[in-house]
Amino acid sequence: METQSIAKNLVYQRKLKGYTQEELSEKTQVTIRTIQRIEKGDVTPHLQTVKLLATALDIEVNDLLILENPKEETIQKKWLILLHSTPFLGFIIPLANILLPLFIWIHKREDNELYNSHGIKIINFQITMSILYLLSLVALVTIEKWGFFLFISVIPFSIICMLFNIVRVVNSQKCYYPLSFPFISSTKKTVSKKMIILLLTSTMYFTSCTQAKAQNIIRLDGTEIAKDSLTIKINRLIKKANIPGIAVTIFNDNEVTYQKAFGYKDYDKKLALNDSTNIYGGSFSKAVFGVLVMKLVEDGVIDLDTALESYLPKKIYEYKPLTRWHDDFSALKNDSLYHKITARMCLTHTTGFANSRWMESDYQLRVNREPGSRYSYSGEGFIYLQVVLEKILGKNLEELAQELIFEPLNMSRSSYQWSPLFEDNFAYGHTITSERFKKDIDNEPRGGSTLETTPEDYSKFLKAVLQQKIITRNSWNELFKPQFRIHSIKQFGPLALKDSTQNDPIELSYGLGWGILKTPYGFGAFKECHGNGFQHYSIIFPEAQKGIMIMTNSDNGESIFKELLEISIADTYTPWYWEDYIPYDEK
């Protein structure tokens, strides 16, 4: 310290405040003799004496002190910049905005009063902002409109204050942090026990909350279920319902948050099912095909509402079949309605075709009702659209799917036909008594039914759909627009021809290859599969950014869908009775 400077500064500040030496002595308990000797420059006062004098004069200690040399001032400025800058690491490392400046403050506060005073202000501000941020998270979900405003304001406000003070400390070595609660008092040199407890508790709370969030699934209604708890429940369900194998994927924030396979791909040999096991996808094919068609609509290949017959140079029944049966339309030669069918009707199951020509008494394909007049599930409609597209483009379905869907999404173990690649790891279907079905490997590619995929691959597809990839926003909107309202009591069987109002609350409808329903959390888009030994279900909620995929290799699979949907993502909206998903304990 430079004694002469202290002497001059003390005289100046004392007279500026209008104090006599006696009055200053009374305020500080520093003797008059000591004050006189300081003002004459006869002594170098202790730092504590200088602090007492500065407090009594209501000024900063630096207003009395002056650094001995410019180099020390430079070092001081660097430490101050470091103090004010380290809180930015809190955006990367949880609570670093508090703990790092706290560490610097504890080690440097005795070296210079500036470090002490600035450190206190920084730490108080960062603790206040951290608490305010946690409160804003609560407000976001509890206070409409204003909660959102508070949430988006806290971080920008903190950043602005931090940047402002870095600039200010460079220019004037002063700082100002508004809204700070005095967790640490400027009159104390030590961190209180309460302060230490608060910091440790906050650290543990933040860490535990972060870990809990990572270990929990956030359901549609905002409630949570621990991943370990869900795993236990699924194991119990498949045991009770006698399901050999199941794969489950759950999406939160449009990302996979839970993906697990259970049980066996081959129950007899007790071979484990995993996420890379190829599983017959059945009618999951239709969801993929719907996206593929919308991509071709974007490219101008077809229009959704133009009669498909008009795209071909000759009648569909005049073409020689190239496959064993599915492109044989000779039975339509005398049909008077098929020429009205459009791509939209094929994708919404309103063509009037039966689900399969093999369901007709004479095994002959026909249109049973006015196209576009009623929802009636039909794989034949998808085949018709597929064959027309193949003839227009000169490419088969497998080529189109690989080019437009599977390769862009890196679905390397997915195909509309069996591949030798799958032989090393595939699942058998099982009966209700867990007997093994023979694996069908000679299916020709059909857009409505022959998909071979894995839990991992199909999860990639659903994730891409949630994130609106592959097709444009307009195509995506069209895909999931309710195209045709459904009033039938059940999807299949005699009750499919009878109507009721039971699904009016969810406004059950069909989009383009996907079923559509409405919920308080936005619309849901679902697709199911029901084949010999394989039963699957998926539903996504794009507005809620959530979803689930369930794949089973058992004829008992559907018996747990209702309960599994409810416990995993709080989906109580899937029309389980319409789907005939009768729970295992109600059969």
Side-chain angles (χ1 to χ4, degrees), residues 234-235 237-249 260-288 326 355-356 358-359 377 379 382 411 413-459 461 491-493 526-538 548-562 564 579-584 587:
I234 293 174
N235 275 314
L237 278 175
I238 63 176
K239 185 176 181 180
K240 289 180 180 178
N242 190 30
I243 297 172
I246 184 173
V248 178
T249 300
K260 194 169 181 64
F262 303 77
Y264 306 105
K265 61 184 180 183
D266 184 336
Y267 186 74
D268 287 343
K269 295 182 178 180
K270 297 296 185 289
L271 300 177
L273 179 73
N274 59 50
D275 291 331
S276 299
T277 300
N278 271 88
I279 300 176
Y280 172 64
S283 286
F284 270 8
S285 307
K286 296 180 177 69
V288 177
H326 75 248
N355 189 20
S356 170
W358 311 117
M359 293 179 175
Y377 197 89
F382 281 71
M411 296 170 66
R413 290 182 66 93
S414 294
S415 173
Y416 273 100
Q417 62 189 15
W418 177 260
S419 168
L421 173 68
F422 308 152
E423 291 178 357
D424 65 330
N425 187 9
F426 70 91
Y428 285 97
H430 296 81
T431 68
I432 58 174
T433 56
S434 296
E435 295 175 8
R436 201 172 73 179
F437 280 103
K438 181 181 177 181
K439 177 60 183 175
D440 189 355
I441 62 173
D442 63 348
N443 280 327
E444 295 163 316
R446 290 190 288 276
S449 61
T450 63
L451 178 67
E452 294 281 349
T453 189
T454 70
E456 182 179 26
D457 269 11
Y458 202 76
S459 296
F461 170 70
Q491 183 169 208
F492 297 106
F526 63 88
K527 192 69 203 78
E528 63 279 91
C529 158
H530 181 102
N532 288 338
F534 296 97
Q535 297 181 350
H536 316 320
Y537 185 75
S538 70
I548 185 172
M549 180 206 73
I550 308 166
M551 300 182 76
T552 75
N553 62 340
S554 170
D555 280 343
N556 293 324
E558 293 170 349
S559 69
I560 67 167
F561 287 178
K562 178 179 182 292
L564 181 52
E579 295 273 16
D580 204 30
Y581 292 165
I582 308 303
Y584 61 92
K587 290 186 176 182

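Below, each value reflects all heavy atoms present in this structure, side chains not excepted, and no hydrogens, waters or symmetry copies. Numbering starts at 1 and runs along the sequence shown.
Of the possible donor and acceptor atoms, one in the side chain of Ser285 sits under 3.5 Å from a partner among the backbone N and O of Leu451. In this structure a side-chain-to-backbone donor-acceptor pair under 3.5 Å is present from Asn553 to Gly245. Side-chain N or O atoms of Gln535 include one that pairs as donor or acceptor with a backbone N or O of Glu558 at under 3.5 Å. Proximity of a side-chain donor or acceptor of Asp268 to a complementary backbone N or O of Arg436 within less than 3.5 Å is not detected. In this structure, the side chain of Arg413 engages the main chain of Ser276 through a donor-acceptor pair within 3.5 Å. When atom types are taken as modelled, the side chain of His536 and the backbone of Tyr280 share a donor-acceptor pair closer than 3.5 angstrom. A donor-acceptor pair under 3.5 Å links the side-chain atoms of Asn556 to the main chain of Ile432, judged by distance alone.
The ring of Tyr537 has its center closer than 6.0 angstrom to the ring center of Tyr581. Residues Phe262 and Tyr264 keep their aromatic ring centres 6.0 Å or farther apart.
By the 6.0 Å contact criterion, NZ on Lys270 is enclosed, its count of non-hydrogen atoms from other residues, nucleotides or ligands being greater than 12.
In this structure, OG on Ser538 lies 4.0 Å from CZ on Phe284, to the nearest 0.5 angstrom.
In terms of heavy-atom proximity, Asp275 sits nearest to Pro455 at O-CD, 3.3 Å. Heavy atoms only, all atoms of each residue included: Phe461 and Ala287 are closest at CZ-O, 3.7 Å.
Under the 3.5 Å distance criterion, with hydrogens and angles disregarded, no donor-acceptor pair is assigned to the side chains of Ser554 and Thr552.
Contact of the Pro583 side chain with the Ser559 side chain is not registered, since no non-hydrogen atoms from C-beta on lie closer than 4.5 Å. Residues Ile246 and Ile560 are in side-chain contact: their nearest non-hydrogen atoms beyond the backbone lie under 4.5 Å apart.
Here the options are Leu271, Leu273, Asn274, the test is side-chain contact (heavy atoms from CB on, under 4.5 Å), and the partner is Asn425; only Asn274 passes. The only member of Ile279, Thr249, Thr453 that meets side-chain contact (heavy atoms from CB on, under 4.5 Å) when paired with Tyr458 is Thr453.
Ring pair Phe422/Trp418 is perpendicular by interplanar angle, where above 60° counts as perpendicular and below 30° as parallel. Ring orientation note: the planes of His430 and Tyr267 are nearly perpendicular, at an angle over 60° on the 30°/60° scale.
Judged by a 6.0 Å distance limit and a 45° cone about the ring axis, Lys439 is not positioned over the six-membered ring of Tyr428.
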